[in-house]
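Here is the structure we will look at, set down as structure tokens.
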Amino acid sequence: MSDTTIEQPATPEPEMEIPAGYDDGQDHIGLPHHTTTGLSNTKLAMWLFLGSECLLFGGLISTYMLYRNRQGDAIGPDQLWDIPFTSATSFILLMSSLTMVLAVSAAKRKDERGTRLWLTVTALLGGLFLAGQVYEFTVFYREGLGYTTSLFSSSFYTLTGFHGVHVAVGIIMLLSLVGMLAKGRVLGDKAETVEMIGLYWHFVDVVWIVIFTLVYLIPA
Amino acid sequence: MSIDNDTHTDTDDVVSQVEHDDLHSHEISDKNYVIIALLLAVLTAMEVAATEISSFPSSLLVPALLLMMAVKFFVVVSYFMHLKHDAALFKFGFYIGLAGAVVLYSVVLTTFHFFVN
Amino acid sequence: MAIIERPTDTPALAGAGAAVVTPSSSYGYFRRPVQTTGWRSWVFTVDHKKIGIMYGVVAMVFFFIGGFEALLIRAQLAQADGTILSADKYNQMFTMHATTMVFLFVMPMAAAFANYMMPLQIGARDVAFPRLNALSLWTFVFGGIFINTSWILGGAADGGWFMYAPNSSVPFSPTNGVDFWTLGLLMTGVASQVGAVNLIVTALNMRAPGMTLMRMPIFTWMALVVQFLLLFAIPVITVALFLLLFQRNFDATFFSVADGADPLLWQHLFWLFGHPEVYILVLPSFGIISEVLPTFSRKPLFGYPFVVFSGAAIGLVGFGVWAHHMFAAGLGPISVAVFSVATMAIAVPTGVKIINWTLTMWGGKLWFSTAMLFAVGLIVQFTIGGLSGVTHAVAPSDTQQTDTYYIVAHFHYVIFGGAVLGLFSGMYYWWPKVFGRMLSEKWGRWNFWLMIIGMNLTFGPMHIIGLQGQPRRMYLWTENRAGEGFFNLGFWNLVSSIGSLILGIGAVLFLVNVWVSRKNPPAPADPWDARSLEWITTNPPKEHNFDRIPTVHALDEFFHRKYEDVGEDGKHDYKKVRTGEEVVEIEEANAEAHIHLPSPSYWPIILSFGMFIICYGVIYSTLLLAAGAAIAILALFGWALEPPTADDSEFEPPSSDGGQPSKELAHV
């Protein structure tokens with residue numbers, strides 16, 4: 001006849017604190033106090049993802065750095081860059097990181113109006129940045145820099161294009177979040193969702209910090 | 001105990017909304033965020049100004065630009081992304097990717113003699 | 001008894017007063033899928049066990065497809081001036097054989113084990129992100145199908161699995177095959193990347209109380225290292241694939257030498273991924289046999305910390321040796337020397353593992369079940385492959401070996417002898433747990449020995465013919481270049497081809513075993529007297545895995561619940577105090593009252609399907625691309641708006657007569 005209670009073997013006590021109410025039937029899966037490390041599943045996932053994105057953008061940046069001087073007779077960076085303009089768009093993107101962080105701060109305070117305000121402003125600033133990119137590329141194109149003009153051009157447009165797509169996805173996420181907030185439909189921990197999108201947005205910003213310096217500022 | 005339903009900004013309530021993985025004493029206020037943003041703007045202006053100074057030799061300019069770029073990078077990651085005061089595991093996950101990318105791609109560029117100018 | 005709550009759309013069948021609760025609609029038009037039986041319970045599932053089984057089944061299908069491609073190659077090379085495959089078809093065949101085996105068999109099969117076993121081994125009910133898990137599965141399935149439709153849509157990719165550019169660009173590979181390859185691998189890359197994030201978070205965040213990292217089973221450890229490798233390697237090949245895609249479809253010149261490009265860019269990007277990839281292939285199998293060997297040696301794994309750290313070291317150093325695939329590419333002596341030394345270094349942690357496995361067996365009471373045979377087979381065969389690998393590390397000798405069949409011998413010994421034998425070991429080991437019946441040991445022996453004899457006859461001679469100069473990827477060999485005497489290429493090619501037939505039969509015997517064993521009596525919960533948590537479950541495990549989440553007090557927790565140490569004076573003497581089945585019964589008796597499971601969802605498979613259509617759209621039509629994108633965006637929004645677990649209103653309330661598991665109520 002088997003025991004109905006288990007006799008504990010004489011092994012040392014577990015070193016980690018067993019969280020109280022490990023499974024109390026409520027859907028706490030993934031929230032910080034119910035995970036082994038005490039950290040949120042989503043936040044850990046996001047940081048791992050951002051770590052991997054470093055390798056993605058690193059590859060694109062390396063390709064650009066390798067090919068930045070290979071334009072043959074076609075137009076090159078020195079003739080193209082409008083540093084004041086690009087500085088302005090870079091500044092806008094940088095400021096959007098500020099507004100993003102204000103949005104997260106507002107969400108943590110449960111300030112719903114503030115959250116929606118700052119999320120919208122962030123999306124707008126991001127959109128302004130993208131508009132600036134589009135304008136800039138249009139000018140480049142008219143000056144003779146097509147996608148296939150040279151290795152320099154292909155690498156440039158590919159790198160900035162990937163970044164731009166990331167920004168666009170970020171804007172869509174920001175606006176979707178604003179929409180969901182307006183309808184009271186954000187699920188789970190609202191502040192964490194805002195924070196996660198914030199992490200993504202800041203990452204897109206730091207990639208641009210790197211691109212701005214390496215591509216635009218460092219002389220070819 | 002009175003229950004105030006308006007949005008608070010006093011520290012205790014901010015702390016109570018913060019997740020367990022944030023160290024409560026390191027909560028950055030909105031005002032500090034603005035200051036950090038201004039710092040970033042100043043750094044960007046300095047970067048641009050540096051490229052304008054034609055007397056700057058390339059061997060000085062490039063490291064200076066890279067340094068300013070790195071400072072901006074780590075400021076955003078550490079403060080805006082809150083990594084400085086966050087769990088070690090998050091730092092591990094991100095910085096391994098970053099360090100890996102920098103090291104591996106630098107080696108690749110080295111084999112292309114990129115750094116030999 | 002546990003009351004398992006899940007959404008349902010049928011009225012309560014019994015229980016006075018149990019209110020009928022119809023599920024609220026998920027956002028939009030689709031109700032949440034609720035079926036627990038039938039095909040829908042598989043297609044929309046987020047249960048890691050079902051997902052693991054589907055990964056495994058699809059992987060086995062691709063194993064036989066890739067195997068058939070190999071048999072065609074060997075048939076072509078069995079005699080001089082072979083006529084079975086044209087040169088063009090031959091190029092497609094070796095490209096697809098390798099691509100299929102690497103990306104569509106070994107990786108998904110390892111994912112099958114990781115998906116099924118990791119949550120069980122750490123005492124969790126599922127992975128961290130169940131819907132992402134389903135997305136990984138379906139994206140892999142659609143990606144694999146997508147690549148293989150190239151066979152009938154103008155020809156498969158023909159540039160080798162490493163797809164060197166500019167050979168893979170349009171002037172040299174004019175069919176759509178390479179685009180199918182590129183886009184298909186982008187899809188499977190998404191699957192792996194997403195899975196990596198998922199499983200890392202699972203292993204770090206969802207362990208049972210008391211399970212510290214150094215009490216995690218070794219298979220989980222190796223799987224965790226593999227996920228980190230995937231996490232950081234997949235983005236690199238993603239860059240390479242996009243550059244190739246843009247070169248082929250938008251006339252970018254990334255790899256066009258005439259425009260100043262450097263072909264080595266492709267090679268670096270590919271091998272930065274490609275080398276960690278081979279450790280991604282073999283580490284799961286290392287993990288599997290690190291479970292099998294202790295069980296069938298009746299001894300704990302020797303040097304558990306060493307096995308853990310050497311696994312991590314292999315992963316880390318594995319990122320630093322990629323250019324050893326480029327020794328003959330003109331890197332220059334300094335680069336070659338650096339990578340040569342690094343490659344030698346990586347033999348060290350691998351050797352540590354071999355020693356630990358051998359010492360695990362030393363002095364143990366060995367039980368040569370089929371799983372154990374495959375595990376020991378791995379040690380022997382992988383060591384042979386590792387030895388040839390050491391000769392490759394020495395750059396001067398590699399310069400002779402590269403692009404010859406000597407290399408083909410090496411990687412087949414390490415991949416087939418390493419990764420594949422380990423996967424078969426795992427299948428025999430865990431089959432009773434997953435499917436509830438034992439596989440026949442008699443057929444298992446035939447399966448094993450034919451595969452071993454077959455693989456050694458196939459790949460052994462390749463060392464010889466490679467050193468004699470037979471190049472890789474040559475669609476035929478001729479009599480007048482075949483040499484004479486002992487080293488006659490013709491003779492050894494024939495031996496190799498006969499060996500491949502034997503190997504193929506051996507592999508088919510696995511399917512035979514599955515078939516004849518399907519009516520075996522039900523297996524006990526703990527047929528092998530094993531050591532880790534996944535065995536504290538029924539056969540197959542209940543949907544919620546554990547009736548009670550186990551509290552872990554030691555490494556090999558399950559072993560310690562069965563065996564008590566009655567030794568004196570510091571000596572260990574383990575006496576069995578209860579059977580594994582009794583441990584399971586104790587857990588059932590202490591079942592938790594309420595168990596919530598993550599809910600099934602339509603969105604993962606719909607999103608995968610959207611990606612599938614996008615890929616066809618890139619090749620054929622912008623309209624199709626737009627349609628696929630629309631499906632994908634719809635799926636993304638649906639997913640984001642759907643809660644991970646169905647709303648409370650969608651659950652059947654517990655029946656008022658208390659005690660009846662609501663499982664009965666949930667059957668459709």
Side-chain angles (χ1 to χ4, degrees), chain A residues 2-19 22-27 29-30 35-37 39-42 44-46 48-49 51-60 62-63 66-67 70-72 147-148 150-151 154-155 157-158 162 173 176 180 185 187-188, chain C residues 27 128-129 193 196-198 200-201 204-207 209-212 231-236 238-240 242-243 246 250-254 259-262 265 269 272 549 551-554 560-561 564-565 577-578 582-583 585-586 589-590 592-596 598 637 640-641 643-645:
Chain A
S2 51
D3 298 337
T4 49
T5 55
I6 189 168
E7 296 159 21
Q8 300 299 351
T11 46
E13 280 299 303
E15 284 123 45
M16 39 176 283
E17 188 196 36
I18 298 164
Y22 183 88
D23 190 324
D24 58 8
Q26 304 301 308
D27 184 17
I29 300 164
T35 60
T36 311
T37 59
L39 306 173
S40 146
N41 278 357
T42 319
L44 181 58
M46 179 57 80
L48 291 167
F49 169 66
S52 75
E53 286 262 87
C54 291
L55 281 129
L56 184 87
F57 278 104
L60 294 167
S62 303
T63 303
L66 184 65
Y67 286 156
R70 306 197 193 188
Q71 67 265 24
Y147 182 68
T148 59
S150 63
L151 279 172
S154 303
S155 326
Y157 283 124
T158 305
F162 261 87
M173 288 201 291
S176 307
M180 279 157 65
R185 269 181 168 189
L187 309 145
Chain C
Y27 299 100
F129 303 104
Q193 184 83 18
V197 172
N198 208 347
I200 293 175
V201 175
L204 294 180
N205 255 5
M206 297 185 66
R207 287 169 275 144
M211 184 173 281
T212 60
L231 184 71
F232 297 125
I234 297 275
V236 187
T238 303
V239 172
F242 270 110
L243 294 180
F246 294 160
F250 303 125
D251 294 324
T253 49
F254 294 114
D259 294 287
D262 199 326
L265 176 66
L269 289 175
L272 265 172
I549 300 286
T551 302
V552 174
H553 301 87
H560 289 291
R561 292 196 186 192
E564 213 170 85
D565 189 358
V577 297
R578 63 182 68 82
E582 285 168 345
V583 174
E585 277 169 34
I586 293 171
N590 288 291
E592 288 160 15
H594 280 84
I595 298 172
H596 268 219
F637 273 103
L641 295 171
T645 310

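Sequence lines set the chain letters: A, B, ... in the order given, protein chains first and strands last, and positions in each chain run from 1. Because only heavy atoms are used, hydrogens play no part in the values below, and waters and symmetry mates are left out as well, while side chains stay in.
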C:Asp259 side-chain N/O to A:Leu151 backbone N/O, donor-acceptor pair under 3.5 Å: no

Proximal component of C:Asp262, with respect to chain A [non-hydrogen, under 4.5 Å]: both

Measure the shortest side-chain to side-chain distance between C:Met206 and A:Asn41 over non-hydrogen atoms and say whether it is less than 4.5 angstrom. yes

Return the option, out of A:Gly58, A:Gly72, A:Ser155, with the maximum number of heavy-atom pairs under 4.5 Å with chain C. A:Ser155

Test side chain to side chain donor-acceptor pair (under 3.5 Å) applied to C:Asp251 - qualifying residues, sequence neighbours left out: none

For C:Leu243, is it the side chain, the backbone, both, or neither that has a heavy atom closer than 4.5 Å to a heavy atom of chain A? side chain

Of all of C:Leu269, C:Asp565, C:Val239, which one pairs up most often with chain A through heavy atoms under 4.5 Å apart? C:Val239

Chain A shares the most heavy-atom pairs under 4.5 Å, among C:Leu265, C:Leu272, C:Thr238, with C:Leu265

Test side-chain contact (heavy atoms from CB on, under 4.5 Å) on A:Thr158 and A:Thr63; report intermediate values, then the result. CA-CA 10 Å; A:Thr158 305; A:Thr63 303; over 6 Å; no

Determine yes or no for a side-chain-to-main-chain donor-acceptor pair under 3.5 angstrom, with C:Arg578 supplying the side chain and C:Arg561 the backbone. yes

Please report the shortest heavy-atom distance between C:Ala128 and C:Val201, naming the atom on each side. CB-CG1, 3.6 Å

Taking C:Asn198, C:Val236, C:Leu204 one by one, which has the highest count of heavy-atom pairs under 4.5 Å against chain A? C:Leu204

Can you tell which part of A:Leu66 gets under 4.5 Å to a heavy atom of chain C, answering side chain, backbone, both or neither? side chain

Heavy atoms only, distances under 4.5 angstrom: which of A:Phe49, A:Tyr157, A:Phe57, A:Tyr147 has the most pairs with chain C? Name it, please. A:Tyr147

